[in-house]
Every structure is written in structure tokens, then in C-alpha cells.
Amino acid sequence: MEQTYISREALKKWLTQLNGGGRHLYAPAAGANGKVDFRRVKSADEVAMGHVQTTQSPKGIAFPRVEKLFSYTKEQGKVAVQDYDPTAIPETVLFGLHPCDAAGFGELAAIFGWDGLRDKPFDERRKRITVVSLSCTKCDEYCFCTSLGGSPGSAAGSDLLLTPLGEEGYLVELATDKGRALVEPCAALFAPAPAAASKEAALAKVPVRFDVEALQQRLPALFD
């Protein structure tokens, strides 16, 4: 996978540039209660970088709780229906989610498409979302990605994956063309990846907490 590097100072400038031109930037940010959650941010200074987990997942950005599916007008007994208009969906950068949340978008897409019938609003939103994930350098007792075949540094579901390398900056892995499209216009902010950079050394050590195959065998007996 192609790699590059960005310093912490350059990252702030990059996020500021990503937030322009009609594009929306969503990232983990601390609220008044001190809890970290995903919301639209206006400044790189609002972004929380040291969290382990957010209160809510970023699912609502691709699948909002409330959205307009269609509209209609009624005149002289006749009803005219206007279909869903995807042009109203802005280009969006979803920054700072962890690899487990990024992988979750694949599972969500599978649910929407399991029967072969595509969900237009969901598909159109996903087309316009670029996922910039952040590898986990720490975990807590509730983390279990390794039990499901994931890892704290997995790029699955991400367009770009950033891994902190000490206090200086981040290793950037370009996983998709959508990710490259965010980097290329701001190439001056990036530098070649350090030759001695060790991604694995920076990652959290998440223990395997359960055997997923054994769990699958037990589940059928739990249903009435």
C-alpha cells in the first residue's frame, strides 16, 4: 500500500483545507459534558485525537436517523411525487474514526444490499463520504477487534489510514483512489514516509478476548 507522511502541524493545515469548498468535515470532538462524539467541526482545533472510544459510532453520518426520502405536491386532486434528490448531499470527510468503526461501514453496506435491492439514499451518501481513519495506539478492556479478525491498524473500510509515529507526525496509508484525491491537491503538506518507521510498534496490543467460532456455535441454542 502506498505510504506518505504528515507532521502534526501540517495535519492541522490539511484539515483546514479539507473543510473548505462546500465540503463537510466530521470528526470526534468533545462536547460540553466532556464526552467525545462525532460531529461536524469548523476548525482543526475542535478535533479530539486521544480518545479510545466515542459515545456514538459514526454510522449516523451515512445513515441519519431522519432524512427526506421524497416530497409530493397535491393540486386539484392530483398528486405529483418528487423522488429522492442526491444532489443535496455534500461531499464529506469523516476523520479520526478507528479501524473498527471503518470496518463497520462494510457490514452496514452488506445489510442494505443483502437482497440485491440497493438503498439509494444510503448508497449516494457513501459515495460522497471519504473515510480517514486513525490507528489505535491504546485500548481499554472493552476493545475486541482482534477477536473478530481485525486489528488496531487495519485499513479495511478506510480510504486513508493515519498511524501516529511518536509526537512528530503520522504515517499515512493511501488505501483507495478517494483517499489519494484528498492528498494530491495538498501534496506540499506531505513528505516521504520515514524509512525506519515502524507502524506495528506504535499500535495498541489488543488481546483476543473470545473465540468467535465457538460463539457462533452457541448462538443458535439461545434463540427460542
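All heavy atoms count here, side chains included; hydrogens, waters and symmetry mates do not.
- In this structure, N19 contributes its side chain and V41 its backbone to a donor-acceptor pair below 3.5 Å.
- Contact between P164 and A202 at its shortest, heavy atoms only, is O-CB, 3.4 Å.
- F223 belongs to no hydrophobic cluster, as no Ile, Leu, Val, Met, Phe, Trp or Tyr side chain comes under 4.5 Å of its own.
- Taking a 6.0 Å sphere around CD of E141, one finds it holds more than 12 heavy atoms contributed by other residues, nucleotides or ligands.
- Linking ILVMFWY residues whenever their side-chain heavy atoms come closer than 4.5 Å, directly or via other members, leaves L161 and L171 in distinct clusters.
- Looking at H98, its side chain does come within 3.5 Å of a backbone N or O of L134 through a donor-acceptor pair.
- With C136 as reference, P99 is the one residue of C100, S151, P99 to meet the side chain to side chain contact (heavy atoms under 4.5 Å, CB included) rule.
- A donor-acceptor pair is defined here as one N or O able to donate and one able to accept, closer than 3.5 Å; no such pair exists between the side chain of K178 and the backbone of V131.
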Going through the checks in order, is the side chain to side chain contact (heavy atoms under 4.5 Å, CB included) test met by F112 and D123? CA-CA 9 Å; F112 276 107; D123 286 349; 5.5 Å; no
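- Residues F38 and V36 do not share a hydrophobic cluster, defined by chaining ILVMFWY side chains whose heavy atoms lie under 4.5 Å apart.
- Between P28 and G96, the shortest heavy-atom distance links the atoms CG-O, 3.9 Å.
- Heavy-atom neighbours of K12 NZ from other residues, nucleotides or ligands within 6.0 Å: at or below the threshold of 12.
- Follow the hydrophobic side-chain contacts under 4.5 Å out from L25 and you reach L189 in the same cluster.
- Without hydrogens or angle criteria, T146 side chain to V206 main chain gives a donor-acceptor distance under 3.5 Å.
- Looking at heavy atoms from C-beta onward, C143 lies in side-chain contact with Q53 at the 4.5 angstrom threshold.
- At least one side-chain heavy atom of K120 sits under 4.5 Å from a side-chain heavy atom of D83.
- Between L160 atom CG and T176 atom OG1 the span is 6.5 Å, to the nearest 0.5 Å.
- The shortest side-chain heavy-atom distance between D159 and L182 does not fall under the 4.5 Å cut-off.
- When the shell of 6.0 Å around NZ of K35 is examined, it contains 12 or fewer heavy atoms from other residues, nucleotides or ligands.
- Nearest heavy-atom pair across S7 and A10 is OG-N, 3.1 Å.
- Heavy-atom contacts from other residues, nucleotides or ligands closer than 6.0 Å to NZ of K205 number more than 12.
- Both Y72 and L69 are assigned to one and the same hydrophobic cluster, defined by single-linkage of ILVMFWY side chains at heavy-atom distances under 4.5 Å.
- Taking CD of E91 as the start and CD1 of I129 as the end, the distance is 9.5 Å to the nearest 0.5 Å.
- Put simply, CZ on R126 and CG on D119 are 13.0 Å apart, with the number rounded to the nearest 0.5 Å.
- The shortest distance between side-chain heavy atoms of L97 and Y26 does not fall below 4.5 Å.
- Taken from CG in L165 to OG1 in T137, the straight-line distance is 10.5 Å, to the nearest 0.5 Å.
- Atom CD of E173 sits about 11.5 Å away from atom OG1 of T4, to the nearest 0.5 Å.
- Using a 4.5 Å cut-off on side-chain heavy atoms (C-beta onward), M49 and L11 make contact.
- Counting only distance, with no hydrogens or angles, the side chain of D37 and the backbone of Q56 share a donor-acceptor pair below 3.5 Å.
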After noting the C-alpha distance and the side-chain angles of R128 and E124, does the key distance pass the salt bridge (charged side-chain N to carboxylate O under 4.0 Å, His left out) rule? CA-CA 7 Å; R128 290 165 172 76; E124 292 295 338; 2.7 Å; yes
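- The two residues A30 and A48 come nearest to each other via the heavy atoms N-CB, 4.4 Å.
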After noting the C-alpha distance and the side-chain angles of T130 and R23, does the key distance pass the side chain to side chain contact (heavy atoms under 4.5 Å, CB included) rule? CA-CA 11 Å; T130 303; R23 187 191 289 118; over 6 Å; no
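- One distance of note links CG of L15 with CD of E46; it measures 11.0 Å at 0.5 Å rounding.
- Under the salt bridge (Lys or Arg N to Asp or Glu O under 4.0 Å) criterion, E67 pairs with R125, not counting sequence neighbours.
- Surrounding CD of Q82 are more than 12 heavy atoms belonging to other residues, nucleotides or ligands, all under 6.0 Å away.
- Residue V172 is tested with W14, Y5, F190 for a side chain to side chain contact (heavy atoms under 4.5 Å, CB included); the sole match is F190.
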Stepwise side chain to side chain contact (heavy atoms under 4.5 Å, CB included) test for D101 and S57: CA-CA 7 Å; D101 275 330; S57 81; 3.9 Å; yes
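- Under the ring-ring contact (aromatic ring centres under 6.0 Å, His included) criterion, the residue pairs touching residues 135-172 are F144-F210, with sequence neighbours excluded.
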L162/F95 under side chain to side chain contact (heavy atoms under 4.5 Å, CB included): CA gap, chis, key distance, verdict: CA-CA 10 Å; L162 277 63; F95 176 84; 4.1 Å; yes
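- Hydrophobic clustering, with ILVMFWY side chains joined whenever heavy atoms are under 4.5 angstrom apart, keeps L117 apart from F122.
- Heavy atoms only, all atoms of each residue included: C186 and Q17 are closest at SG-OE1, 3.1 Å.
- Of all non-hydrogen atoms in G153 and K199, the two that sit nearest each other are O-NZ, 2.7 Å.
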